[in-house]
J.: 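Below is a structure I'd like to ask you about.
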2 protein chains.
Amino acid sequence: MPNSTATEKTLSGKASVRLTQAIITGELAQGQKLSEADLATRFGISRGPLREAIRELEGLRLVKRIPHAGARVVQLDKTSLAELYRVREALEGLACRMAAEQMSAAEVDTLFKLLDSHEQDIAAADGARYFQREGDFDFHFHIATGSGNQMLIDLLIGELYQLLRMCRYQTSHVARRTGPALKQHRQIAEAIAEGDGDLAELLMRRHISGAWKSMSEMLDNKAREGRNEQ
Amino acid sequence: MPNSTATEKTLSGKASVRLTQAIITGELAQGQKLSEADLATRFGISRGPLREAIRELEGLRLVKRIPHAGARVVQLDKTSLAELYRVREALEGLACRMAAEQMSAAEVDTLFKLLDSHEQDIAAADGARYFQREGDFDFHFHIATGSGNQMLIDLLIGELYQLLRMCRYQTSHVARRTGPALKQHRQIAEAIAEGDGDLAELLMRRHISGAWKSMSEMLDNKAREGRNEQ
DNA sequence: TAATTGGCGATTGTTGACAATTTCGAGGTT
DNA sequence: AACCTCGAAATTGTCAACAATCGCCAATTA
């Protein structure tokens, strides 16, 4: 529940969060065309606000619009995901370094509490699911915010994370190793607590490039399965 | 003339580029409110397309919108600029590394031709002006494009560079040392030509952090002058 | 006199009808 | 049979009127 923009009172705002949800959950499939008339009637609003909502999602990079040809949900093929992770590594690396340099003691404390909470969730029955679905983002969210760099925060939370959520949600059915990830999170948190910017950035970059490696393999497996099924 | 989006046939598209120009040149001052009715009549269009244009600029981070309270041109104070340059260093560093890793020979050639052209412009009478206003961007544009990472390209060209252009255009009256910048550009281009990603990233980061240092000093001087005038 | 509240004006949000453009299919031609 | 052209339907873009919300100023009250 990010909802960065505090715009939930206006119709276009409501439509925007609803559309975002629909896209992230896959209710609107990747590459699917967004018919203005259809969606407007489905949401019970006029086409005006709906168009603005679509433009808002365009800003979040969740849809691509072509004049006179309509808007489609963005397509995340393997190439795009590789690009996304590469950019993410650079930006989150920076965020992590800045967080280490200037997070307040209270914020660091919250960070560790987050980790404890996640550990418990994982111990629980369906913890793995929860962790991979949204819990993981709490950690990265908190670090991004802790960077204190508003532009960086906007870029990460407002754009990259939406795409990541979409990708992750739609591949959440496959198993994931949550153990290593949590251990890496702890290491990162400790580097931040010690104010070691160099180490914090290094660990975060390694964490993300590892996540990409894992995701990349998974996509290959999925592609192979798909071929075999046919 | 970036105009990434090939949308110039629709009214909202035209209004968008016109607004962008007005903001970058300072014809619309920073922090100024954008009245829908006023701008619509000034552009000879209806409020509908104009609203969409404003939302487009919101995506470029050139305006900030608050529901029921209107849109204002973004305010670039020193803090925001520091944030911008920090993010830019990370992203252009990455772009430069990737460009070094995989730019084609033809692209590298174009890069050097660009540098030659810039050198001549500087030699000319008002070369310094031209260089600082737009010519410099050609160089960074080309490297961003050469990274081959579409997401990175969108982020740099679609968002960061617009803000930089605005900032630079509006401070273009002050003197700038163009010599060192051009020399650094040459060094970067050579690192790219040799495929040395590490060096290319290092040099680009240094180039940008140096640019920020120079810009930062200039802002301080300006602030001091302002104080003395009063 | 200072703070509060009420209403008035201005601005933004929303709507449904209308215009322009693209797309898709039918028909004819080579 | 394949290709091109033309036209109609569907979709997007634009408009002007209407409704809702916010900010400001004045009147009122403690």
Side-chain angles (χ1 to χ4, degrees), chain A residues 3-23 27-75, chain B residues 3-23 27-75:
Chain A
N3 176 26
S4 37
T5 60
T7 162
E8 299 213 1
K9 296 179 115 178
T10 160
L11 285 190
S12 67
K14 283 188 252 186
S16 169
V17 312
R18 198 163 161 189
L19 266 182
T20 302
Q21 199 65 16
I23 289 178
E27 181 184 330
L28 291 171
Q30 293 191 19
Q32 179 174 340
K33 177 158 182 214
L34 299 183
S35 161
E36 293 181 0
D38 178 30
L39 288 173
T41 56
R42 266 171 63 185
F43 289 177
I45 62 179
S46 173
R47 270 181 56 219
L50 190 106
R51 280 171 70 89
E52 305 211 1
I54 287 182
R55 276 213 134 90
E56 206 157 319
L57 290 225
E58 192 187 11
L60 301 186
R61 304 186 184 281
L62 287 177
V63 309
K64 267 241 182 264
R65 245 177 37 88
I66 299 176
H68 292 291
R72 313 189 86 90
V73 180
V74 72
Q75 279 274 45
Chain B
N3 178 25
S4 37
T5 58
T7 159
E8 300 214 1
K9 296 179 116 174
T10 160
L11 286 189
S12 67
K14 282 188 252 184
S16 168
V17 313
R18 198 163 161 189
L19 266 181
T20 303
Q21 198 66 17
I23 289 179
E27 180 184 332
L28 291 171
Q30 293 190 20
Q32 180 175 339
K33 180 163 180 205
L34 301 182
S35 161
E36 293 181 1
D38 178 30
L39 288 173
T41 56
R42 267 172 63 185
F43 289 177
I45 62 177
S46 172
R47 271 182 55 219
L50 189 105
R51 280 172 69 89
E52 305 210 0
I54 286 182
R55 276 213 133 90
E56 206 158 319
L57 290 226
E58 191 186 10
L60 300 186
R61 305 186 183 280
L62 287 177
V63 309
K64 267 241 180 264
R65 245 178 37 89
I66 300 177
H68 293 290
R72 313 189 87 89
V73 179
V74 74
Q75 279 274 43

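Chain letters run A, B, ... following the sequence lines, proteins first, then strands; residues in each count from 1.
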J.: Considering only heavy atoms of chain A and a distance under 4.0 Å, specify the first and last nucleotide of DNA chain D in 5' to 3' order that meet this criterion.
T.: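 In short, chain A contacts DNA chain D from D:dT11 to D:dT14.
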
J.: Any salt bridge linking B:Lys64 with B:Glu58? Criterion: basic side-chain nitrogen under 4.0 Å from a carboxylate oxygen.
T.: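 Answer for the salt bridge query: no.
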
J.: List in chain and number order the residues that pass salt bridge (charged side-chain N to carboxylate O under 4.0 Å, His left out) with A:Arg42, two or more places apart in sequence or in another chain; answer none if no residue qualifies.
T.: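 Only A:Glu27, A:Asp38 meet the salt bridge (charged side-chain N to carboxylate O under 4.0 Å, His left out) criterion with A:Arg42.
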
J.: A:Val63 and side-chain contact (heavy atoms from CB on, under 4.5 Å): which partner among A:Leu28, A:Ile23, A:Val74?
T.: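 It is A:Ile23, the one option of A:Leu28, A:Ile23, A:Val74 that forms the side-chain contact (heavy atoms from CB on, under 4.5 Å) with A:Val63.
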
J.: Do side-chain atoms of A:Thr20 reach the backbone of A:Ser16 as a donor and acceptor pair under 3.5 angstrom?
T.: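 Flag set: sc A:Thr20 to bb A:Ser16 pair under 3.5 Å.
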
J.: How many angstroms lie between atom OG of B:Ser12 and atom CZ of A:Arg55, to the nearest 0.5 angstrom?
T.: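 Those atoms lie 4.5 Å apart.
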
J.: Reading nucleotides 11-16 of chain C from the 5' end, what letters show protein touch, with B for base, S for backbone sugar-phosphate only, - for no heavy atom under 4.0 Å?
T.: SBBBBB

J.: Check for a donor-acceptor pair, side chain of A:Gln32 on one end and backbone N or O of A:Ala29 on the other, with a separation under 3.5 Å.
T.: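 Present.
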
J.: Determine yes or no for a side-chain-to-main-chain donor-acceptor pair under 3.5 angstrom, with A:Arg47 supplying the side chain and A:Ala37 the backbone.
T.: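 No.
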
